[in-house]
Amino acid sequence: MSLEIDKSGNTSNYKYVKSIGYGMDEAAMRVLKEISSTNWIPAVYQGKKLKVEYHFPVVFKLD
């Protein structure tokens, strides 16, 4: 899963990096959108705020 964090700390452009199917992609996307519903602290490089793409590793444990 990945998303973009803009210069203001807003998130957008949610996408699957690698799909596994069986409804798990949708579940992971729902959780990602819930945790990113608030503003994030934007990346800073040499004193300037940057737009970045962040990748979230998602691991499912099935019992």
Asks: When rounded to the nearest 0.5 angstrom, what is the spacing between NZ in Lys49 and CD1 in Ile41?
Replies: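 One gets 9.5 Å once the value is rounded to the nearest 0.5 Å.
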
Asks: Once you round to the nearest 0.5 Å, how far does CG of Leu50 lie from NZ of Lys7?
Replies: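 Rounded to the nearest 0.5 Å, the CG-NZ separation comes out at 7.5 Å.
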
Asks: Do the charged groups of Arg30 and Glu34 touch, with an N to O distance under 4.0 Å?
Replies: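 Yes, this pair counts.
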
Asks: Looking only at heavy atoms, which two atoms of Leu32 and Tyr14 are closest? And how far apart?
Replies: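 Closest heavy-atom pair between Leu32 and Tyr14: CD2-CD2, 3.9 Å.
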
Asks: Rounded to the nearest 0.5 Å, what's the gap from NZ on Lys51 to OG on Ser8? Could you check?
Replies: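 Atom-to-atom, Lys51:NZ and Ser8:OG are 11.0 Å apart.
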
Asks: Which heavy atom of Lys15 sits nearest a heavy atom of Glu53, and at what distance?
Replies: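 It is CE-OE2, 3.3 Å.
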
Asks: Do you know which two heavy atoms are closest between Ala43 and Val52, and how far apart they sit?
Replies: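 Reported closest heavy-atom pair: CB-CG1, 3.6 Å.
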
Asks: Considering non-hydrogen atoms only, spot the tightest contact between Asp6 and Pro42 and give its length.
Replies: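 Looking at all heavy atoms of both residues, the shortest contact is O-CB, 3.5 Å.
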
Asks: For side-chain contact (heavy atoms from CB on, under 4.5 Å), just list the numbers for Met1 and Tyr54, CA-CA rounded to whole Å, side-chain angles, deciding distance to a tenth of an Å, and then say yes or no.
Replies: CA-CA 9 Å; Met1 309 296 300; Tyr54 189 81; over 6 Å; no

Asks: Please report the closest heavy-atom contact between His55 and Val17, naming both atoms and the distance.
Replies: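 Residues His55 and Val17, closest heavy atoms: ND1-CG2, 3.4 Å.
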
Asks: Is Tyr45 atom OH crowded by more than 12 heavy atoms from other residues, nucleotides or ligands, each under 6.0 Å away?
Replies: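 Check fails, neighbour count at 12 or below.
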
Asks: Identify the heavy atoms of Ile20 and Asp25 that sit nearest to each other, and give their distance.
Replies: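 Here Ile20 and Asp25 meet closest at N-OD1, 3.1 Å.
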
